[in-house]
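Structure, as structure tokens:
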Amino acid sequence: MLFRSPLLVSSCYSFHYGVMFPRDLVREARNLGYRALALTDRNGVYGIPAFLEACAEGPRVHRGTELDSHAEISAILGTELVEGHTRALLIARTRSGWSRICRILTNRASVDFNLAAAIRTEVELCPCILGKGPPPDLLIATDDMSLLEAARGRAYALLAPPVSRAGKGTRPSWRSLSGTGAPPLATGEVRFQHPSDREVQRLLVAIGSGRTTFEVQEGELSDPGTILSSPLDAIRPYESVPEALRANEALVESIELCSLFDGYVFPEYKSCDGDRASAVLRSLVYQGAAKRYGDIDGIVRSRLDYELGIIESKGFSAYFLIVRDIVRKSSRTCGRGSAAASVVSYALGITDIDPLAHGLYFERFLNPGRKDPPDIDVDFAWDERDAILESVIREYGEDRAARVSNHVCFQARSALRETARAFGMPDGEIGTVERALYLDRGRTLAEADPVWKEILGLAPRIAGFPRHLGVHSGGLVLVPGRLSDLVPVVPSGSGIRVTAWDKEGVEAAGLVKIDLLGNRSLAVVRDALANLAENGTPLADEDWNPLSDADTIDLLARGDTLGVFYVESPAMRLLQKKTGKGDFEHLVIHSSIIRPAANRYINEYIDRLKGKTYEPIHPLLDDQLAETYGILCYQEDVSKAAVALAGFTPAEADGIRKVLSKKDVRTRLAAYRAQFMSGSRARGVDEETIVAVWEMIESFAGYSFVKAYSASYAKLSFRSAYLRAHHGAEFMAAVLSNKGGFYSTLAYTSEARRMG
């Protein structure tokens, strides 16, 4: 007999209850010898994307060596639904079963939802699991006596240890459950990795319910023995019920759904099929290119055909058409991010920067090896954006559209404060200790107090755990069918309908995310132009060319830029003054290199800009880094360096670029280090250069830009700067009426007086 997988397993994505990150669960299961593992978080599937990623990863190895055949773990997907004393374990055997789980979790948000009634409805749809017919798409196990009696062999009797003694608390014993005639299922129960995790669970329950840890009852916590154990140890509680173990083995072997992430889910464009959408896109692109470029010469035509070929081959045509229609809802937008490297985006009016004129790297946006969908970010005036979002959701229908969630996690500071409150500490004392800790003299002070010592020990253990759902700043998902068939759609804390998965989760699932963001400076430019028109001096778009205007370039070179988008922070103004460069090309460099982690490279950049001689860091990178004076500046420089120095494929290089913006960037980036080092050595690169380039790559972690992103914003900066240089009163009035930017209202009124 085998115990193939624990099935009743919770991670920290069981909000205010679970205590383990999915990656730690998977790592421990792999170490214990499991080849399959379930994640069935309570009342949700928020952690499924992170769980699937961890299951698929395995130990990272160098290319050219064989993966350990046991590196991957088969994922089993489901949820544990709990309402009062009713509990049901749902496991998706097929994709259809997954859709049923998603719909139940979506409906759970309704005011009249009743778990027992919902399970009865689902059971009615299941074939009998006692016969020899096909197994159901959705596997259901419960220890609710009335549900099992009503199921008539269509659901399993949920057996979680211990099963050899009378029922624990409100849970019935196996002897009672066996009277229902339901086949028993050995589920195991995994809540902890270490015995001390139970106190972390107590803390989370207290925080979630607004009580102190002293008020949390033992019965509210999981059994101390629900620790992930080896397959051999997991058998022992079920030795008296061997049929339950056989059911566990048969269930795991029957699972057909091990991943949700095997393609893209694109919305349809006005009922066009793929071929028709491609034809419509090609026609509109060539019309737009004619307006942008006049005659479409060989270079433009070649680039258009290359991009359209990739877009069509991947089935992305409808996506570009939909984004184009959304952009046309507003008269002034700023398409940005890697999409600005696309001539197709430029021709459609999604972006406003010419990729050919400014040497933007299209492969950062789309390449034949890219496995995730394109990501187009569009800024709208901050006071127009919400209406645009509502309009798109209304147009596509609430069944097919929703905002993307943000998993709001405990940060170090909030973890400390919430832990202290759960221990009954008053806010005044918490603030005092917090300030003392910040000044590096509070730990000894706090640890002298036994309660504070315990608080300081527990608080870091919940840092990084999700605590509730927020709303992504502008992410929107559109699908051709019912969205709740793919992912639960649930209310955020503010009541907005959002996907259960956050940005990274929906992207990993192949769901098309469109970012519709608010930008205050677009409203400033809009209102400044309206002010000019009202004052009798209208300025049409074709009447001004900020990028070649001498006064604008001089203003930027002086750093005289309060109110000017993206160039008004003290650090940016200082960099402009030090370099004395106000042209577009240098502004693009400056707005990318001004990263906190790049300070050591900024001074070297300024010296080289002013004439300091330097040797290229390596001949293989000489041409690629010539425009930035031999220094890695943009995200795509990381990809280029990985390909040129270490022999990465374009897809692998894109992978290293993608992790730069992930939450656990340091951990993920470290996984690429060995491959970069060994690949560079194999190409004869000296050790000093390898280390120097890798240190530059590490400086991009968490905060960096693609050139196309900076170029898009630099063009908006030039428009703001032009208006400030030539129409100061109208411009500053627009800044003030849009509630400013980097500085306070007082700072802008003072600046307006200084400007006369």
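Values below: every heavy atom of this structure, side chains too, minus hydrogens, waters and symmetry copies.
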- Message: Donor-acceptor pair, distance only, cut-off 3.5 Å: does the side chain of T226 make one with the backbone of S222?
- Response: no
- Task: Without swapping roles, check the side chain of S492 against the backbone of I496 for a donor-acceptor pair under 3.5 Å.
- Result: yes
- Note on the structure: From the list V477, V487, L476, side-chain contact (heavy atoms from CB on, under 4.5 Å) with V404 holds only for V477
- Grab the two heavy atoms, one from P135 and one from P127, that are nearest each other, plus how far apart they are. C-CG, 4.3 Å
- Task: Using only heavy-atom distances, determine whether the side chains of D485 and S99 contain a donor-acceptor pair under 3.5 Å.
- Result: no
- Query: Can you tell me how far the CD1 atom of I91 sits from the CG atom of L185, to the nearest 0.5 Å?
  - Reply: 6.5 Å
- Query: Salt bridge check: are R246 and E249 linked by an N-O gap of less than 4.0 Å?
  - Reply: no
- With salt bridge (charged side-chain N to carboxylate O under 4.0 Å, His left out) as the test, would you mind laying out the steps for E418 and R467 before giving the verdict? CA-CA 11 Å; E418 293 298 326; R467 55 189 306 196; 3.6 Å; yes
- Answer yes or no for R42 and Y17: cation-pi contact, defined as NZ/CZ to six-membered ring centre under 6.0 Å and angle to ring axis within 45°. yes
- Item | Ion pair check, D144 and R87, cut-off under 4.0 Å | no
- Query: Does any donor atom in the side chain of R461 or S196 lie under 3.5 Å from an acceptor atom in the other side chain?
  - Reply: yes
- Passes side-chain contact (heavy atoms from CB on, under 4.5 Å), V205 versus I207? Steps please. CA-CA 6 Å; V205 170; I207 293 172; over 6 Å; no
- Counting only N and O atoms by type, is there a donor-acceptor contact under 3.5 Å from the side chain of H16 to the main-chain atoms of L203? no
- Query: Does the gap between the ring centers of F316 and Y264 come in under 6.0 Å?
  - Reply: yes
- Message: Tell me if a side-chain donor or acceptor on W501 pairs with a main-chain N or O of V45 at a distance below 3.5 Å.
- Response: yes
- Message: Set out, in order, the CA-CA distance, both residues' side-chain angles and the distance that settles side-chain contact (heavy atoms from CB on, under 4.5 Å) for F700 and L669, then state yes or no.
- Response: CA-CA 10 Å; F700 284 75; L669 196 58; over 6 Å; no
- Note on the structure: Output for pair (S484 OG, E398 CD), nearest 0.5 Å, gives 11.5 Å
- Query: About how many Å separate CG of L158 and CG of L147, when rounded to the nearest 0.5 Å?
  - Reply: 11.5 Å
- Task: Start with the C-alpha distance between Y319 and Y269, add both sets of side-chain angles, then the distance that settles ring pair (Phe, Tyr, Trp, His ring centres under 6.0 Å), and finish with yes or no.
- Result: CA-CA 8 Å; Y319 176 60; Y269 178 70; over 10 Å; no
- In terms of ring plane angle, is the pair Y709 and F705 parallel, tilted or perpendicular, where the classes change at 30° and 60°? parallel
- Query: Atom CD1 of I101 and atom CG of L81: how far apart are they, to the nearest 0.5 Å?
  - Reply: 8.0 Å
- Message: Is the distance between the ring centroids of F465 and F21 under 6.0 Å?
- Response: yes
- Message: For the aromatic rings, using the six-membered ring if either is Trp, is the centroid distance between W694 and F676 under 6.0 Å?
- Response: yes
- Any salt bridge between E83 and R108, counting N to O under 4.0 Å? no
- Query: Could R191 and D197 be called an ion pair, given the rule that one side-chain N must be under 4.0 Å from one carboxylate O?
  - Reply: no
- Is a salt bridge present between K503 and E507, judged by a nitrogen-to-oxygen distance below 4.0 Å? yes
